[in-house]
Amino acid sequence: MANIYDVAREARVSIATVSAVINGSAYVSPRLLRRVQEAIERLGYQPNLLARGLAKKKSHTLAVVVPDISNPFFPDVIRGAEDRAQEAGYNLLVVSSDNDPRKERSYLELLLAKQIDGILLTKAPGKLPGSLLGDNGRTVTPVVQLIRSIAGLKSDVVVPDDWGAAYEGVAHLLRLGYRKIGLITGVKGVSTTRRRLAGYRQALKDWGLKYEAGLVAGGDYRAESGYLSGLDLLKQRPEAVFVSNYLMTVGFMQALSQYQLRCPEDVAIVTCDDYAWLNSFSPRLTTIDFPKYELGSEGVRLLLQRIEDPDRPPEAVELKNTMCIRESCGVKLRSSRPEASPSSG
């Protein structure tokens, strides 16, 4: 393979001139620039990107740490991040923590050792590893908290409107006349779970209803937890249930089937996340759709800004959701009823 010395010899210029052309680090006259570029093309020279990165103290590589790569929520998030990174000349590495703080710590330390330029982090439960923290609450490598956020960390944040998702989903069921509404929550100890629970509680409060702990079942955003939580929750005979994500809804539907209950005739459902294939679901699910692609893209935008300007004030971005009304909420069954309003009981 040709090296920088071969290019310099072929172009009849110095190695410093070739380096200046490759790295754009100094002015090179148009005549010499053309000679170097033609020599590179003739020899098929490929610059050593690793060496260039070490010299500039940049790897031109970003990383995204997600809690569960098997969750269909995350591919669109990663696609949005990858597209924005590629446009800026960066590569993207993806690792999955499985919501395990020890596994997450191991990955973060590995990424730091490889001199990753920046990290999009969807935090597993627990504190941030000390190896990632520098002075004044900032991280030693640029980090954008993506989807989940933790208190006390001075970083950029990009999240969906978790509170609003739960509030609007539950409010929709309340407007349809349901009053005994259950909730299946997500992973304990993360911001998405806390905020969706808060939105659920606020919707009940605004309609003059008392919060009942027995109508809230804990899940972990995976299908099996939706099934197990559903078996417990259905013993309370809810009229409707807000399920915090799509995968748990799959499990909850299995629990309904086991109890020989129908949706929406016996139990109405509203859930989070929307996908093209949900039109094939029976009944078709009413959902609160998060802007998955935009979350990833916006996360990389802020990360690149942080890399270029490490001292700028942290920015927090909350992206809005969209409600998709279909059959699972029982809207057709209850369309003849007058719409309820807050505090109507």
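Computed from a predicted structure; not experimentally measured.
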Exercise for the section: Any chance you could lay out the side chain to side chain contact (heavy atoms under 4.5 Å, CB included) test for S191 and V159, step after step, and finish with the verdict? Expected result: CA-CA 10 Å; S191 62; V159 294; 5.7 Å; no
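How far CG of D220 is from CD1 of I184: 11.0 Å, rounded to the nearest 0.5 Å. Atom CZ of R175 and atom CD of E168 lie 6.0 Å apart (nearest 0.5 Å). Interatomic distance, CG of D98 versus CZ of R222, reported as 5.5 Å (0.5 Å rounding).
A donor-acceptor contact under 3.5 angstrom links the side chains of Y221 and T193, judged on distance only. No donor-acceptor contact under 3.5 angstrom links the side chains of Y275 and D76, judged on distance only. A donor-acceptor contact closer than 3.5 angstrom links the side chains of Q202 and D206.
Identified under the side-chain hydrogen bond (donor to acceptor under 3.5 Å, both in side chains) test for residues 226-241, with sequence neighbours left out: Y227-Q258. Sequence neighbours left out, not one pair with a member in residues 28-37 passes side-chain hydrogen bond (donor to acceptor under 3.5 Å, both in side chains).
Between Y90 and H60, the ring planes lie tilted relative to each other; the angle falls in the 30° to 60° range.
Ring-centre distance between F242 and Y200: not below the 6.0 Å cut-off.
With contacts defined as side-chain heavy-atom distances shorter than 4.5 Å, the pair L121/Q145 does not qualify.
Linking Ile, Leu, Val, Met, Phe, Trp and Tyr whenever their side-chain heavy atoms come within less than 4.5 Å puts V77 and L62 in one cluster.
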